[in-house]
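Down below is the structure, laid out as structure tokens.
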Amino acid sequence: MGYQLSRDNMNQLLLALKKDYKIYAPVLLPGQGRFSNTDLIGYGEINRIEDVVFQQKSYFSPKEVFYPITQTLFYFTEDEYREPQMNPKDIIVLMRSCDIHAVTRLDKIMLENGPHPDSYYLQLRSKLKLVLLDCPTSFDNCFCISMGTQRTENYSFSLRPDNGAYLCDVKEDFAGLFASLGKPLQVSPQFAQQNNQRVSLPEISENLVSSLAFHKLWDEYKTRCIACGRCNTSCPTCSCFTMQDLFYEDNPQCGERRRVWSSCQIDGFTDMAGGHSFRQDKGQRMRFKVLHKVYDFKKRFGLPMCVGCGRCDDVCPEYISFANCVNKLSDALQEVQQHV
Amino acid sequence: MSIHTKKVMKNAWRITKHRDLTCLRIRVPGGHLPVKFLPLVQEIAERYGNGTVHLTTRQGFEVPGISFAKMAEINHLLAPLLQELEINRGVSIDDPTKGYPAAGTRNVSACIGNRVCPNAVFDTTTLAWDVEKIIYPNDPHVKVAITGCPNDCIKAHMQDIGIIGQVEPLYESSRCIGCQACVKNCHKVSTGALTFENHRVKRDPKRCIGCGECVLKCPTAAWTRGDQYFRVIIMGRTGKKNPRIARSFLEWADRATVLKVCSNLYTYIDKYIDRSLPKEHVGYIVDRTGFSIFKEEVLRDVTLLPKTRVAHFIDFGGYMYDRNIHLE
Ligand code: SF4
Ligand code: SF4
Ligand code: SF4
Ligand code: SF4
Ligand code: SF4
């Protein structure tokens, strides 16, 4: 069912939703860019529809809303522990098609990978309602079409600005709010038709993995990559974390256990007790990341991990292109195939 | 030939080693020039000079090989440049067709700043224009330079007044993944103001110089940029007597303070300059009066921010040539 909502009605709708939901969207964070006098588009809570940035891709992904960068799992004292209180409100997140696909990728890892679903993830995840932000055109570095993530049906409603009003395809009305505030209209969401970046996904058979793993294509990243980890922290599908036990300074018997994102490109990721680190070489880290995103995950779950949002390419300070690297991997695969 | 050398020099023309030739000095405040003025510089050099220009360390042009007789004519040609680079930005010049009204206070130079440089904490060019507006035209020999970060590419450390951008980094611990990129980087390239304790980053505000390296390196925007401030360093100089590097006078000062200090400097000079000398460079005035009088004068009517730090005493150091006389 489609609806058109005037700006005022859209804001009324948001106001009504905010009673039960915290609503997050890409917002402009003035002056928060890395460089002075630059802004950042990041995820933040919105109050009004005007807060939403429609025309640009967010620098960070929506992931941090329901899989926080740092999350306190429990507080402990000497002899007991307590889980933190959850905000009773549910969560609505406005995101683009690729990012919605990324949620399903995270679900796979967090809910289906181990013998038990990750309960901390599940807690927040089960509160989540997805709102699709249309992509009338795609952005720099997007390659969703190559990854088949440019379309989705997985949303409560879709949203795009249109001549001062908003068009929504509503799959799940919220207590009849759309029906009462919107004007019925035929709406289908707009999905990206074209990307400037194309990626050819390699179909890697198991017997060729090791020749690709030792291929010279990874060598250039040894010196190019500076292990800053931005490709990981901006990625909507990276899911790795570490645990931290924090002991309070004024009372070291008490503290909290937190989990914190970690990054496979950064020094220290593979450090083990005893000081051994098995992926010192940044070329090898790149190999691990790229193969994980387009091969290992796919082998396990039947679809690639990467959804082609292109953020890793947007943010790399060394202008390393993940997309380009996957294409090189495909070329290398052809080359290796010819030699078997 | 009758030349009033003092008037000529004040008008930004040089006395040169060629008895009948002068050299024009063009100011480019902030070192940023609309290219539409390049043809004018070219025209002057080709029609009146020897077809070359010298790019000065202060980011101006010197156009050599010009006959003294042509000064008035060229001053006329310069009017649009003076209009746009000086008058339109608030510098008071009565008659732009008469050339530069003063040359003692030198061009305010600036590094490229945040128009281009990722390290820069602020827009150096516009501050240079604001300073130019306050200190020019003026006769006392004063050099001011502005630099976007403590890398000091413009060599603010060699100036009477050097202005260095500072940013207060803000830490949001819930965004921190503990990668320590900020800690390592501050330690390696800056002051080592950061430590990692209890899975969190701590900043020692007394050590931090506000370079923003932590913000640049943080992959999650756990560090972001707070307010912009300035460090003012003073009395650096080259010269034959006692070359020395400028020292910190103010830290974490706001823009209003910086501008007021620049204008107060001229009151101080006017009060204490040795008028028996043909000219006295401000650094030597400070040598005579001592730092505390200087400080009192330049901070007059300045309301410092609570967080601004002021030097109580400065040992300018540097070296004297005559101290080295015993060296072979
Ligand atoms: S690997 Fe890059 S393109 Fe793929 S999902 Fe992550 S950030 Fe997006
Ligand atoms: S963003 Fe670029 S430089 Fe940084 S870790 Fe990733 S690939 Fe390396
Ligand atoms: S001083 Fe700093 S801001 Fe200015 S050019 Fe050098 S590095 Fe860039
Ligand atoms: S660089 Fe950022 S994420 Fe890493 S330790 Fe510093 S504040 Fe934390
Ligand atoms: S601003 Fe510079 S000196 Fe201050 S903590 Fe950050 S890196 Fe260190």
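A note on names: the letters A, B, ... follow the listed sequences, proteins ahead of strands, and every chain is numbered from 1. No experiment lies behind these values; they were computed from the predicted model shown.
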May I ask you to say whether B:Lys188 pairs ionically with B:Glu213, meaning some side-chain N is under 4.0 Å from a carboxylate O?
->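 No, B:Lys188 and B:Glu213 are not salt-bridged.
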
Is the closest basic N to carboxylate O distance between B:Arg231 and B:Asp152 below 4.0 Å?
->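 No, B:Arg231 and B:Asp152 are not salt-bridged.
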
Proximity of A:Tyr24 and A:Phe66 rings by center, below 6.0 Å |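 A:Tyr24 vs A:Phe66: aromatic centres not under 6.0 Å.
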
Interface moiety of [X] toward chain B, non-hydrogen atoms closer than 4.5 Å:
X	value
A:Phe60	side chain
A:Asp245	backbone
A:Gln71	neither

Between A:Ile226, A:Leu40, A:Val315, A:Val260, the one whose heavy-atom pairs under 4.5 Å with chain B are most numerous |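 Greatest number of close heavy-atom pairs with chain B: A:Val260.
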
Of A:Gln32, A:Arg34, A:Arg311, which meets side chain to side chain donor-acceptor pair (under 3.5 Å) against A:Tyr59?
->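 Going through the options one by one, the only one that passes is A:Arg34.
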
Can you list the steps and then say if A:Asp107 with A:Tyr121 is a side chain to side chain contact (heavy atoms under 4.5 Å, CB included)?
-> CA-CA 9 Å; A:Asp107 287 352; A:Tyr121 178 79; 2.6 Å; yes

Side chain B:Asp123, main chain B:Thr125, donor-acceptor under 3.5 Å |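 Such a contact is found between B:Asp123 side chain and B:Thr125 backbone.
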
Count the heavy-atom pairs under 4.5 Å between each of B:Leu216, B:Val167, B:Val121, B:Thr224 and chain A, then report the option with the highest count.
->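 Heavy-atom pairs under 4.5 Å are most numerous for B:Leu216.
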
Pick whichever of B:Asn119, B:Val215, B:Ile177 has the most heavy-atom pairs under 4.5 Å with chain A.
->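 Max contact count across the listed options: B:Ile177.
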
Can you tell which part of [X] gets under 4.5 Å to a heavy atom of chain A, answering side chain, backbone, both or neither?
X	result
B:Cys117	neither
B:Ala181	neither
B:Gln180	neither

Please name the residue in the list A:Phe247, A:Tyr81, A:Tyr248 that meets the ring pair (Phe, Tyr, Trp, His ring centres under 6.0 Å) test with A:Phe76.
->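 Of all the options given, the one that passes is A:Phe247.
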
